[in-house]
Amino acid sequence: MLDKNQDYFLKIQSHDSKLNTLRSYAEEHKVPIVDQLSLDLILQLIRMKQPKNILEIGCAIGYSSMHFASVHPSIHVTTIERNAEMITLAKENFKTFDFENQIRLIEADALEAYSAVNDRHYDMIFIDAAKAQSQKFFELYQDLLSENGIIITDNVLYHGFVSDIEIVRSRNVKQMVKKVQKFNEWLVQQKTFTTNFVNMDDGLAISIKEHSHD
Ligand code: SAH
Ligand code: MG
């Protein structure tokens, strides 16, 4: 979505790292990678939180997972992807950019990958796959989150449709948007998580797992 303040922030910064050559590839091939300022925020959270293990649901071409891993060599990323074409590209990219030791790719549907990733706990989980299923992913993987860990969910505003569902024509998109609305409302009800929504790009939900103090 166009926003002159965001455009301003984008304009004054350079984002021309080696990895970011993949952003133009993604735009050209319509791969929905995380928006730049959202990524910048997540990377800053990683610098602050210093997670050892990160779990990502929805790898695509490996763009976000490589950025996460690039913050520090001690970070290990587990990322899940079900689409064969994406899997091939991600593998190529992990090799080209030299992340094969830091990232493991689980080739599976994320709804069925629990047993492939439950060999460890994760300090951060990034949910960025099928938007209608974000809540299912959250529910399935939350017990692999370490104490004080954080779950970040991308696209919780989905093209501005989530706050304005009336403008959606397609029945399928409407169904999906309703699920995102339900997920957001469910998130704020969770007693073990405190969620902060960020109105930036396509919308981020940042949920921190907390012990109750009463
Ligand atoms: N996180 C990436 C972008 C992911 S795009 C980045 O920012 O660089 C979403 C990806 O999730 C797509 O490649 C899609 O194939 C994958 N996906 C969707 N539903 C999935 C599921 N149930 N299991 C595994 N992957 C899924
Ligand atoms: Mg996304």
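Both counts, for ligands and for their atoms, begin at 1 and track the order of listing.
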Test Asp109 against Arg82 for salt bridge (Lys or Arg N to Asp or Glu O under 4.0 Å), laying out the working first.
-> CA-CA 5 Å; Asp109 190 302; Arg82 69 175 174 191; 3.2 Å; yes

Tyr122 and Tyr141: aromatic ring centres closer than 6.0 Å?
-> no

Would you find a donor on one side and an acceptor on the other, under 3.5 Å apart, between the side chain of Glu81 and the backbone of Asn83?
-> yes

Donor-acceptor pair, side chain of Lys49 and main chain of Asn148, under 3.5 angstrom = yes

Under 2.8 Å: N/O/S of Asn155 next to the Mg ion (ligand 2) = yes

When you check the gap from the basic side-chain N to the acidic O, do Asp119 and Arg104 get nearer than 4.0 Å?
-> yes

Steps toward salt bridge (Lys or Arg N to Asp or Glu O under 4.0 Å) verdict (Asp98, Lys18) | CA-CA 12 Å; Asp98 203 16; Lys18 249 196 226 163; over 6 Å; no

The atom name of the N, O or S atom in Asp154 nearest to the Mg ion (ligand 2) is OD2

Contact check: Asp128 to the Mg ion (ligand 2), N/O/S below 2.8 Å = yes

Please tabulate, line by line, the atom pairs linking an N/O of ligand 1 to a protein N/O at a distance below 3.5 Å, with the distance in Å to 0.1, or answer 'none'.
residue: ligand 1; atom: 1 (N); partner: Gly58; partner atom: O; Å: 2.8
residue: ligand 1; atom: 1 (N); partner: Ser64; partner atom: OG; Å: 2.9
residue: ligand 1; atom: 1 (N); partner: Asp128; partner atom: OD2; Å: 2.8
residue: ligand 1; atom: 7 (O); partner: Val34; partner atom: N; Å: 2.8
residue: ligand 1; atom: 7 (O); partner: Ser64; partner atom: OG; Å: 3.2
residue: ligand 1; atom: 7 (O); partner: Asp128; partner atom: OD2; Å: 3.4
residue: ligand 1; atom: 8 (O); partner: Ser64; partner atom: N; Å: 3.0
residue: ligand 1; atom: 8 (O); partner: Ser64; partner atom: OG; Å: 3.2
residue: ligand 1; atom: 13 (O); partner: Glu81; partner atom: OE1; Å: 2.8
residue: ligand 1; atom: 13 (O); partner: Glu81; partner atom: OE2; Å: 3.2
residue: ligand 1; atom: 15 (O); partner: Glu81; partner atom: OE2; Å: 2.6
residue: ligand 1; atom: 19 (N); partner: Arg82; partner atom: NE; Å: 3.4
residue: ligand 1; atom: 19 (N); partner: Arg82; partner atom: NH2; Å: 3.3
residue: ligand 1; atom: 19 (N); partner: Ala130; partner atom: N; Å: 3.3
residue: ligand 1; atom: 22 (N); partner: Arg82; partner atom: NH1; Å: 3.4
residue: ligand 1; atom: 22 (N); partner: Asp109; partner atom: OD1; Å: 3.1
residue: ligand 1; atom: 23 (N); partner: Ala110; partner atom: N; Å: 2.8
residue: ligand 1; atom: 25 (N); partner: Arg82; partner atom: N; Å: 3.4

Judged by atom type as modelled, is there a donor-acceptor pair below 3.5 Å linking the side chain of Gln6 to the main-chain atoms of Met200?
-> no

